[in-house]
Amino acid sequence: MRILGIETSCDECAAAVVEEGRHILSNVVMTQIPLHERYQGVVPEIASRAHIEWILGAVRRALAEAQLDIDDIDGVAATAKPGLIGSLAVGLSFAKAFAWARGLPFKGINHMLAHLYAPQLEETIEYPFLGLLVSGGHTIICRADDFDSIAVLGTTIDDAAGEAFDKVAKYYGFGYPGGLVIDQLAERGDENAFKFPLPSLHKGEHRYDVSYSGLKTAVIHHLHSYLRPGASISPENIAASFRKTAIDTLLSRLYRAVRDTGIRTIVAGGGVAANAYLRRELAGKKDLRVFFPPLSLCGDNGAMVAGIAWHYFCRGEADGWDLAPSSRVMDFKWRQNHP
Ligand code: KG4
Ligand code: ZN
């Protein structure tokens, strides 16, 4: 079974063809970074307009690179939630129209479940495992019992991990997109130049939650207060010390979840899963089985959408033409659960 997967939840216009949930026949990611760069952040209106202009070309390229004809596609899937609503609507509507016109089954996909599935395009991973979902919009520590069944243990109570990277980079003018730029600068910096405060969320309901607003404020407004004697202020040192604190915060909650649940398999996903320090730290944990997507599958892509969709289709599950996109998913954001 060959599935066409479409992903337009944010600023990547992506389409891919994946066979039997695993074999990537093509994976086209058309990035909108040049369109948003001058604003140092994704402008939703520009994003959805570009998706409208690019989506047909992305799908045509995905078919061509897979050396397939339109008749060779057996099912169509697109990201339905969470994401920018205008951007989601483009990919979802395109996928529904494609499937309807060809008489194919159609499935709307949860973007974060797709990120968690990304490493499974390369390896077989047994459930249950602990998921670390870290992107520009979400920071989630969860227990996964199946490809479509996760229990959220912790989230961020304010900014998402990727968002914190993006905001710090934007403030200092390090470049765009922020996560990657900080990661690259940090490789040349001293991670102990600054000792930024770790958020102290130890109380019952926050056992696995993280917070980034305090760290962001420290890095942006009170930099001098955290400079260690003998260390110097440089972009590299700011980036390295910030990266270490941001990732250590995340890891402390993850390790706590490992201790509490006894689950020793970790699966990471989302754009921040590309972070070099995060990958190194987890790879060094010999008592854990850790799975990361390859760098090419950390960010938004259609392959993870097509891959996970295959499992739904195997179960005979498809969605109707009335499926609407949704910008949010209950449980994925702390404030929605604790109004
Ligand atoms: O999953 P993704 O591509 O889109 C969303 O679903 O949000 O994640 C994008 C986020 C951005 O905030 C970006 O700055 C961050 O992932 N990111 C990184 C790195 N590469 C991308 N953050 C830290 N280190 C990186 N190497
Ligand atoms: Zn994403």
Side-chain angles (χ1 to χ4, degrees), residues 9-10 41-42 44 81-85 110-113 115-116 130-144 150-171 177-179 182-183 194-223 225-226 241-261 263 266-275 277-278 281-282 326-339:
S9 69
C10 191
V42 177
K81 62 184 178 183
L84 300 173
I85 198 75
N110 179 320
H111 182 68
M112 300 314 285
L113 293 184
H115 270 307
L116 203 53
L130 290 177
L132 178 66
L133 282 167
V134 276
S135 70
H138 293 85
T139 302
I140 297 169
I141 292 173
C142 63
R143 176 196 158 108
I150 64 168
V152 175
L153 302 174
T155 64
T156 173
I157 64 162
D158 38 58
D159 291 350
E163 190 178 1
F165 276 83
D166 295 337
K167 285 180 177 171
V168 169
K170 182 173 180 177
Y171 180 83
I182 287 192
D183 202 17
F194 298 88
K195 186 167 171 42
F196 294 123
L198 277 169
S200 52
L201 292 170
H202 296 298
K203 307 259 165 49
E205 64 169 354
H206 286 309
R207 199 161 170 73
Y208 311 108
D209 289 334
V210 295
S211 162
Y212 283 112
S213 72
L215 173 61
K216 184 187 65 189
T217 306
V219 177
I220 289 177
H221 298 298
H222 306 291
L223 195 58
S225 323
Y226 301 102
S241 305
F242 162 72
R243 178 180 72 168
K244 176 177 165 48
T245 314
I247 300 297
D248 284 352
T249 304
L250 210 51
L251 290 175
S252 71
R253 299 306 182 274
L254 182 66
Y255 297 152
R256 184 177 279 175
V258 170
R259 285 195 298 276
D260 289 356
T261 62
I263 299 174
I266 311 284
V267 177
V272 184
N275 190 268
Y277 177 79
L278 173 65
E281 286 295 305
L282 275 173
S326 171
S327 58
R328 292 174 195 181
V329 173
M330 275 305 283
D331 290 350
F332 281 8
K333 293 251 171 149
W334 191 82
R335 280 188 209 290
Q336 284 157 28
N337 303 331
H338 304 80

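In this chain, residues are counted from 1 in sequence order. Just so you know, these numbers use all the heavy atoms, side chains as well, and skip hydrogens, waters and symmetry mates.
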Would you say that [X] contacts [Y] through its side chain, given a criterion of any heavy-atom pair below 4.5 Å between the two side chains?
X: Leu133; Y: His138; answer: no
X: Pro177; Y: Phe165; answer: no
X: Asp260; Y: Tyr208; answer: yes
X: Leu278; Y: Leu132; answer: yes
X: Val152; Y: Phe332; answer: yes

To the nearest 0.5 Å, how far apart are [atom1] in [X] and [atom2] in [Y]?
X: Thr155; Y: Ile140; atom1: OG1; atom2: CD1; value: 7.5 Å
X: Met112; Y: Cys142; atom1: CE; atom2: SG; value: 9.0 Å
X: Asp248; Y: Arg253; atom1: CG; atom2: CZ; value: 11.0 Å
X: Leu282; Y: Leu251; atom1: CG; atom2: CG; value: 5.0 Å
X: Leu198; Y: Lys244; atom1: CG; atom2: NZ; value: 8.5 Å
X: Leu113; Y: His115; atom1: CG; atom2: NE2; value: 11.0 Å

So, does [X] use its side chain to make a donor-acceptor pair with the main chain of [Y] at under 3.5 Å?
X: Ser326; Y: Lys81; value: no
X: Asp209; Y: Thr156; value: no
X: Arg243; Y: Ile182; value: no

I need the minimum non-hydrogen distance between [X] and [Y], along with the two atoms involved.
X: Ala160; Y: Ser135; value: CB-O, 3.8 Å
X: Pro199; Y: Ser211; value: CG-O, 3.3 Å
X: Leu153; Y: Ala257; value: CD1-CB, 4.1 Å
X: Ser327; Y: Pro82; value: O-CB, 3.1 Å
X: Leu130; Y: Arg143; value: CD2-CA, 4.1 Å
X: Val210; Y: Thr139; value: CG2-CG2, 3.7 Å

Only counting residues at least two apart or in another chain, list the ones meeting side-chain hydrogen bond (donor to acceptor under 3.5 Å, both in side chains) with [X].
X: Asn275; result: Asp183
X: Ser213; result: Asp158
X: Asp159; result: Lys167, Lys216

Can you name the side-chain contact (heavy atoms from CB on, under 4.5 Å) partners of Ala144, sequence neighbours left out? Leu116, Tyr127, Phe129, Ile150
Restricting to ring pair (Phe, Tyr, Trp, His ring centres under 6.0 Å), what partner residues turn up for Tyr212, sequence neighbours left out? none
Ring pair (Phe, Tyr, Trp, His ring centres under 6.0 Å) partners for Tyr277, two or more places apart: none
Under 6.0 Å between ring centres: does that hold for Phe242 and Phe194? no
